[in-house]
Amino acid sequence: MDVAPCHTVYVKNLDESVKKEELKKSLYYLFSQFGYIIDIVALKTPKMRGQAFVVFQDINSASNSIRGMQGFLFYKKPLVLSYSKREAEEITRMKVSMPSKKFRQMYGADQAAAVAPTPIASEPTDGDTNGKEVDMDVDAPTSSKVANQILFLKNLPEETTSMMLSMLFNQFPGFKEVRLVPNRHDIAFVEFESEGQSAAALTALQGFKITPSNAMEISYANK
DNA sequence: AGCACA
């Protein structure tokens with residue numbers, strides 16, 4: 001029929017009165033269920049208003065979102081979805097593992113806030129760090145079946161940033177913060193305001209793939 | 001109806 005499959009979904013028939021920021025955010029929430037989103041572009045220029053581009057890391061995510069959201073009522077208007085005619089720059093340049101700088105500025109912001117404290121037992125840091133030996137024998141954080149407002153994530157890919165996790169978990173009510181663990185790229189903690197809210201996020205994002213190879217495992221953190 | 005930011 002029309003355009004060849006690609007990573008980018010062309011969205012049209014959008015309500016033109018919705019502010020650009022809000023539009024992108026809503027699109028992000030709506031489409032992130034289909035996979036990792038690298039970027040969303042929406043312009044309010046005369047030619048480009050009412051349209052947007054959602055750039056997925058995986059083509060499959062793009063395809064599934066087109067199937068799944070075609071005609072979806074969004075701000076009272078049915079979404080009209082197709083593949084984009086041209087592929088996004090991020091994709092053609094193979095900068096696929098991270099959101100674009102612009103996207104990061106837009107939704108990221110909280111790098112600093114999110115990276116800060118970790119719930120790991122404070123290790124006596126007697127300054128004899130003589131080089132190569134990475135001190136990895138801190139009690140590895142573990143998971144628990146007991147409900148907890150703090151989630152424990154494992155099997156995260158190396159490229160994971162707190163910003164990516166924030167964007168993912170942000171969409172659930174009660175989200176407080178993401179905490180990365182120094183020297184462990186593969187695990188993280190995500191805190192919510194209540195156990196009910198953490199449970200909702202756990203269920204929704206269980207097995208979510210940040211990259212095609214890593215399905216994250218979510219459980220409750222130990223109390 | 002309209003396929004792009006930097």
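Note: hydrogens, waters and symmetry copies are ignored here, and every other heavy atom, side chains too, is used. Lettering of chains follows the sequences in order, A, B, ..., and the numbering in each one begins at 1.
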Whole angstrom is fine here: how far is it from [atom1] in [X] over to [atom2] in [N]?
| X | N | atom1 | atom2 | value |
| --- | --- | --- | --- | --- |
| A:L43 | B:dC5 | CG | P | 6 Å |
| A:M48 | B:dA1 | CE | P | 15 Å |
| A:E87 | B:dA4 | CD | P | 14 Å |
| A:K44 | B:dG2 | NZ | P | 18 Å |
| A:L14 | B:dC3 | CG | P | 14 Å |
| A:Q51 | B:dG2 | CD | C1' | 4 Å |
| A:I38 | B:dC5 | CD1 | C1' | 15 Å |
| A:Y83 | B:dC3 | OH | C1' | 16 Å |

Exercise for review: Could you tell me whether A:F56 and A:Y36 have their ring centroids closer than 6.0 angstrom?
Suggested key: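 No, the ring centres sit 6.0 Å or more apart.
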
Check your understanding: Under 4.0 angstrom, heavy atoms only, what part of the nucleic acid is A:T45 near: base, sugar-phosphate, or nothing?
Key -> nothing

Review point. Which pairs with one or both residues in residues 188-213 of chain A pass salt bridge (Lys or Arg N to Asp or Glu O under 4.0 Å), sequence neighbours excluded?
Key: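 Checked against salt bridge (Lys or Arg N to Asp or Glu O under 4.0 Å) - neighbours excluded - the pairs reaching residues 188-213 of chain A are A:K176-A:E191, A:R179-A:E191, A:E195-A:K223.
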
Exercise for review: Using the salt bridge (Lys or Arg N to Asp or Glu O under 4.0 Å) rule, collect all pairs that involve residues 64-85 of chain A, keeping only residues at least two apart or in two chains.
Suggested key: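 Listed by first then second residue: nothing to list.
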
Check your understanding: Ring of A:Y10 versus six-membered ring of B:dC3: centres under 5.5 Å and planes under 30°?
Key ->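 Stacked: centres under 5.5 Å apart, planes under 30°.
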
Review point. Do the side-chain N and O atoms of A:E22 and A:Y75 include a donor-acceptor pair separated by under 3.5 angstrom?
Key: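 Distance-only check passes for A:E22 and A:Y75.
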
Check your understanding: Quick one: is B:dA4 close enough that its OP1 or OP2 comes under 4.0 Å of any side-chain N or O from A:R86?
Key ->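 Result: yes.
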
Check your understanding: Counting only side-chain N and O atoms of A:K12, is one of them less than 4.0 Å from OP1 or OP2 of B:dC3?
Key ->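 Checking A:K12 against B:dC3: no side-chain N or O falls below 4.0 Å of OP1 or OP2.
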
Exercise for review: Taking only the side-chain heavy atoms of A:E16 (C-beta and beyond), determine which of B:dA1, B:dC3, B:dA4 contains the nearest atom.
Suggested key: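 Selected nucleotide: B:dA1.
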
